[in-house]
Amino acid sequence: MSSNPYAAPKAPVADATSAPQGNFVPGGRGVAAARGWDWIVGGWNLFKKQPGVWIGLTVIALVIFVVLSFIPFVGPLALTLLGPVFGGGVMLGCRALDEGGELEIGHLFAGFREKFGTLAAAAAIYLAAYVAIMVVVMLITGASMFALMSGSGGEAAGAGAVMGMLLAVLIMLALMVPVAMAVWFAPALVVLNERGAVEALKESFSGCLKNIVPFLLYSIVLMIAGFVAAIPIFLGLLVLLPVFAGSIYASYRDIYFTS
């Protein structure tokens with residue numbers, strides 16, 4: 001380490017809320033299909049910089065999520081509301097690595113210090129949308145189950161009930177995909193670009209919508225990687241989950257910034 005106090009810093013220094021370097025593109029831009037693979041490579045490159053810290057951060061996150069999941073009602077609700085908050089902190093850590101800094105365990109909790117209210121608001125909107133979708137699905141499924149169990153109408157009624165339940169599943173998938181698109185980049189847009197909750201959700205949806213094909217390739221590769229990671233008693237997830245987190249940051253940089 002140089003003792004010269006006037007030497008130029010070896011790594012860029014940025015405050016917690018500064019945006020990544022480059023020209024920001026509101027709403028994102030469409031990129032080539034092959035970029036879906038590049039996002040995963042970008043996540044791997046971020047993981048390689050500090051694998052030990054990444055694995056430690058992942059273990060802590062998994063412990064928190066498992067503990068919360070065992071708390072009736074409150075636990076799953078907290079997971080839904082706090083997921084984007086943890087995600088925002090991880091995005092800050094990815095930005096630090098990307099700009100030559102260091103990832104720290106504390107980055108997992110950085111979302112509680114930076115833009116907590118906005119992140120929580122985005123999570124609440126997501127939760128409200130999820131509940132609304134589940135209500136619709138339950139109404140359709142409940143009506144189908146009632147027709148099936150009542151036995152009135154014979155085989156035709158039974159077949160109709162089964163079709164009704166299948167329709168409910170399809171409706172759920174059709175509605176949940178746009179909701180997932182809206183929340184995908186929202187944490188990054190909130191903590192790195194100071195977007196409001198609604199604005200972040202809109203721009204996240206727009207960015208995903210413009211990149212359906214790259215996301216298809218990205219999803220296929222991740223599914224294959226997930227299968228492989230699960231083989232050694234799920235230990236591979238200690239690598240895959242950090243790479244996945246890094247790939248979200250890499251795709252965010254690719255879609256919302258031009259060099």
Side-chain angles (χ1 to χ4, degrees), residues 12 14 18-51 54 57-58 83-84 86-101 103 107 119 122 126 173-174 176-195 199-230 236-259:
S18 64
Q21 299 175 359
N23 299 315
F24 180 69
V25 181
R29 63 192 179 102
V31 299
R35 300 298 292 173
W37 168 254
D38 293 336
W39 300 340
I40 297 174
V41 173
W44 171 252
N45 289 335
L46 288 175
F47 172 76
K48 288 193 302 180
K49 291 184 177 183
Q50 286 184 264
W54 270 118
L57 187 149
T58 301
F86 286 117
V90 173
M91 292 300 101
L92 288 169
C94 289
R95 193 271 308 276
L97 278 176
D98 185 38
E99 297 185 352
L103 176 70
H107 276 121
L119 290 168
Y126 165 76
L173 292 175
M176 282 304 301
V177 168
V179 172
M181 291 165 63
V183 79
W184 191 262
F185 291 118
L189 290 166
V190 168
V191 299
L192 301 180
N193 296 100
E194 300 188 356
R195 282 334 200 222
E199 189 177 13
L201 292 168
K202 288 181 178 178
E203 292 196 6
S204 175
F205 177 80
S206 174
C208 291
L209 186 62
K210 293 175 182 177
N211 292 278
I212 296 296
V213 177
F215 266 109
L216 285 175
L217 174 61
Y218 173 78
S219 301
I220 292 171
V221 174
L222 279 180
M223 284 191 292
I224 295 173
F227 175 78
V228 174
L237 293 178
L238 296 179
V239 173
L240 180 60
L241 291 177
V243 171
F244 171 62
S247 71
I248 294 177
Y249 176 83
S251 57
Y252 153 79
R253 288 284 290 121
D254 192 27
I255 292 171
Y256 293 94
F257 285 86
T258 59
S259 56

message: Going by the rule salt bridge (Lys or Arg N to Asp or Glu O under 4.0 Å), which residues pair with Asp254 if we only count those two or more places apart in sequence or in a different chain?
response: Arg29, Arg35
message: side chain to side chain contact (heavy atoms under 4.5 Å, CB included) for Tyr256 and Asn193? Distances and angles first, verdict last.
response: CA-CA 10 Å; Tyr256 293 94; Asn193 296 100; 5.8 Å; no
- line: CG (Leu238) and OG1 (Thr58) are apart, to the nearest 0.5 Å, by 6.5 Å
field: Residue pair Ser206 / Gly27: nearest heavy atoms and the distance that separates them
entry: OG-O, 2.9 Å
- request: Only pairs at least two apart or in different chains count here, so list each side chain to side chain donor-acceptor pair (under 3.5 Å) that has a residue in residues 208-230.
  value: Tyr218-Ser247
- line: So CG of Leu119 and CE of Met91: to nearest 0.5 Å the spacing works out to 11.5 Å
message: I need the minimum non-hydrogen distance between Cys94 and Ala245, along with the two atoms involved.
response: SG-O, 4.2 Å
- request: Run the numbers on Leu97 and Tyr249 for side chain to side chain contact (heavy atoms under 4.5 Å, CB included), then give the verdict.
  value: CA-CA 11 Å; Leu97 278 176; Tyr249 176 83; over 6 Å; no
field: Test item: Pro26 and Glu199 side chains (from C-beta on) under 4.5 Å apart, heavy atoms
entry: no
query: Which heavy-atom pair separates Gly88 from Val191 by the least distance, and what is that distance?
result: O-CG2, 3.5 Å
field: Inter-residue atom distance Ile248.CD1 - Leu46.CG, 0.5 Å rounding
entry: 12.0 Å
Audit row: Leu189, Phe24, side chain to side chain contact (heavy atoms under 4.5 Å, CB included) steps and yes/no: CA-CA 11 Å; Leu189 290 166; Phe24 180 69; 4.0 Å; yes
statement: The reported gap from CG in Asp98 to CZ in Arg253 (rounded to nearest 0.5 angstrom) is 5.5 Å
message: Quick one, Phe86 with Leu57, criterion side chain to side chain contact (heavy atoms under 4.5 Å, CB included). Give me CA distance, side-chain angles, the key distance, then yes/no.
response: CA-CA 11 Å; Phe86 286 117; Leu57 187 149; over 6 Å; no
query: Side-chain contact, heavy-atom cut-off 4.5 Å: Val90 with Leu103?
result: no
field: Test side-chain contact (heavy atoms from CB on, under 4.5 Å) applied to Ala186 - qualifying residues, sequence neighbours left out
entry: Ala200, Leu201
message: Could you report the tightest heavy-atom contact between Gly87 and Pro187, atom names first, then the distance?
response: C-CB, 4.0 Å
From Asn45 atom CG to Ile40 atom CD1, the distance as rounded to the nearest 0.5 Å: 12.0 Å
- request: For the pair Tyr126 and Trp184, evaluate ring pair (Phe, Tyr, Trp, His ring centres under 6.0 Å) and give the outcome as yes or no after the intermediate values.
  value: CA-CA 11 Å; Tyr126 165 76; Trp184 191 262; over 10 Å; no
- prompt: Which atom names give the shortest non-hydrogen contact between Trp39 and Ser251, and what distance separates them?
  reply: CD2-CB, 3.3 Å
statement: On a heavy-atom basis, the closest approach of Met181 and Cys208 is O-SG, 3.5 Å
